[in-house]
There are 2 protein chains.
Amino acid sequence: MSRSASIKDVATHAQVAVGTVSNVLNYPDRVSQRTKDRVLQAIDELGFVRNDAARQLRAGHSRTIGLIVLDVGNPFFTSVVRAAEDAAALQGSAVLLGDSGHDAARESNYIDLFQEQRVQGLLISPVGDVTDRLDILRERGVPTVLVDRLADEEQYSSVSVDDDAGGYLAARHLLDLGRRRLAFVGGPTTIRQVADRLQGAQRAVAEVPDASLEVLDSEGQTVLAGRSVGDQLVRRSADQLPDGVFCANDLLALGVMQSLAMMHKLRIPEDIALIGYDDIDFAVSAVVPLSSIRQPTEALGRTAIELLAEELDSPDSAQPRHRAVIFTPELVVRQSTAGA
Amino acid sequence: MSRSASIKDVATHAQVAVGTVSNVLNYPDRVSQRTKDRVLQAIDELGFVRNDAARQLRAGHSRTIGLIVLDVGNPFFTSVVRAAEDAAALQGSAVLLGDSGHDAARESNYIDLFQEQRVQGLLISPVGDVTDRLDILRERGVPTVLVDRLADEEQYSSVSVDDDAGGYLAARHLLDLGRRRLAFVGGPTTIRQVADRLQGAQRAVAEVPDASLEVLDSEGQTVLAGRSVGDQLVRRSADQLPDGVFCANDLLALGVMQSLAMMHKLRIPEDIALIGYDDIDFAVSAVVPLSSIRQPTEALGRTAIELLAEELDSPDSAQPRHRAVIFTPELVVRQSTAGA
DNA sequence: CTGAATCTTTGAATCGTTTCATTGGTACGA
DNA sequence: TCGTACCAATGAAACGATTCAAAGATTCAG
């Protein structure tokens, strides 16, 4: 077990000064081809790998960006993470990923860790109230971009998706199919996402004179909750049934679909057109492929990095512009709302 | 934007030497209560946060462990990751997470990054052939533990799950229910996991005189692939049908289940008992809750960290013992194989 | 009161980079 | 031939922590 080679070892081996080795690494243009070759060969022969701690200590900042998400298991975040990593790589940064798991304590631990690591900046989908901590970070020159959460005040940049627009899109689609008796299935409206999606749907319905929207409360956002709503629907008499159902997320929609499929009384999409939200992988492989609203996760991740870069680039004196970028979701039509 | 306070600022503010501040941080017992109080107060007032780069430079190693998984979106890995993070936190380390996404280039980038960061050790589910790189790391005192992959040679520690045992467990369960005409549904047997699970199933069947096992090849491991296998089954005459089906993973099983449910000719579990593998979240909320084989993901993650710690603790001279820990999976019985 | 033993505190040296003022060379026009 | 640019290469200083030998303070037995 041999200690790693340092830049000094490389310098000795290549018979140049340490500063020259550093230049080869960081400003290749400043070094003549001959010298560069010698140095690169020495690096290769010694298997030299730059010690990032030393570089960072001298440079005063790292090349890493902290990213704290609510749940890496959630495909939405997985996709955001991957896009952020790719975007960061393009600008020469690496992403340190933390999963808070909706736990404020874990979240706080990650902020500690990232602060000790002197990350350049922080992307976060906050669980708890972290504004105090973010204020301190900003004061020290570490900017934050909120992800999937509109900044309360205008103090932070943020990227989010317009859930109201998504709700409108879904309801509008059902209306365009000629459906008029719509139902919205969604968990507690205290969840902002659910409330916004409902509001968007109501907006769409209000635009069509003879259309109505019924709200079916669900207990949570799971397949099982969806199934219990579906079971209620199946028991209704035909004249009481909606002809278009919009679920606040795909899991709910899959649950509703399972109920209807099991009972074999109501057909999708003929009797009831069904649309979900999120466009999870399972949507396409459901018994009846499910229409859904897709969120531009790649754009979210990429833009979050870009906003961060903007703040990092802006000179200290100039107060950085905080920008709130809001994306518009997209309708994905499949068989569950197909046909006239 | 004020620069962060350094240990020197703290020392000045508390009117002590820098060494004393360091001692307060690292060896509190060596410092008198009075001094400690003053220093802690200064730390608080200045909002001092230790610069990990400097500590690491001096200490020669970091307090982080690199973890590279094939796909953070896969619940299996998500769970492993979380367990590893928790276990690492207990011993005062943090985990740097990398997602290779089955891409050898990304994997290699993460190894580079982690090497620059001078991680203490590496946990990895390898995609490409990384043995050369791992050898170099080990030579430099950075041990590796393979995750979900048995080490080819005896050069590395590893944690994995016994897929043969899992296959045996599943088939045995169907046999115990009295089923005799079994079928195995699984993707290309070039995938080690699939081959092992099949082999385990064959072992179980061989133990029961009048039992048989038919192998149904699937194209991939998706819900859709499962559905196409299910469609084939539905078209068969009754005397050609299996009465127990074991799928190499839950997605396949869900696809098969959808086919049977749609056709409404065959009932689960009465006509066909169905069992999957992995116990994903969707298994419990399927139309008919799906029996499955659960892998001890938490134990995997925890043990991987423990094996790494073992190698780190063993003195350099003593050749570290490489241990291959193999876990046994667990049967989870639900409605899809319920009843006599 | 003295000397030894123990407990605290000190501060210079060190880790491996990057930075930058300085030096040494080379080329070119006058 | 000289002076002026320009280009490459040099190497000491600095970043912020930890370490450790040494100094200083305190305690206590005799």
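Here is how names work: the chains are called A, B, and so on, in the same order as the sequence lines, proteins then strands, and each is numbered from 1.
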Side chain to side chain donor-acceptor pair (under 3.5 Å) between S108(A) and R133(A), worked out: CA-CA 9 Å; S108(A) 184; R133(A) 308 210 52 184; 2.9 Å; yes

Q41(A) vs D37(A), side chain to side chain donor-acceptor pair (under 3.5 Å): CA-CA, chis, key distance, verdict: CA-CA 6 Å; Q41(A) 194 190 341; D37(A) 288 345; over 6 Å; no

Step-by-step side chain to side chain donor-acceptor pair (under 3.5 Å) determination, S62(B) to Q120(B): CA-CA 6 Å; S62(B) 71; Q120(B) 292 181 287; 5.8 Å; no

Sequence-distant partners of R63(B), side chain to side chain contact (heavy atoms under 4.5 Å, CB included), two or more places apart: E116(A), D52(B), R55(B)

Below 3.5 Å between N/O atoms, which protein atoms pair up with nucleotides 24-28 of chain D? Just atom names and distances, please.
none

R323(A) to Y156(A), cation-pi by 6.0 Å centre distance and 45° axis angle: no

Interatomic distance, Q56(B) CD vs dT19(D) P [rounded to whole Å]: 14 Å

With sequence neighbours excluded, residues passing side-chain hydrogen bond (donor to acceptor under 3.5 Å, both in side chains) with D71(A): none

Residues in ring-ring contact (aromatic ring centres under 6.0 Å, His included) contact with F77(A), at least two apart in sequence or another chain: none

Side-chain N or O of S32(A) closer than 4.0 Å to phosphate OP1/OP2 of dA9(D): yes

Base versus backbone protein contacts along nucleotides 15-27 of chain C [heavy-atom cut-off under 4.0 Å; B, S, -]: BBBBB--------

Length of the CG-C1' vector between D29(A) and dC6(D), whole Å: 16 Å

dT8(C) phosphate, OP1 or OP2, under 4.0 Å from T35(B) side-chain N/O: no

Sequence-distant partners of R192(B), salt bridge (charged side-chain N to carboxylate O under 4.0 Å, His left out), two or more places apart: D163(B), D196(B)

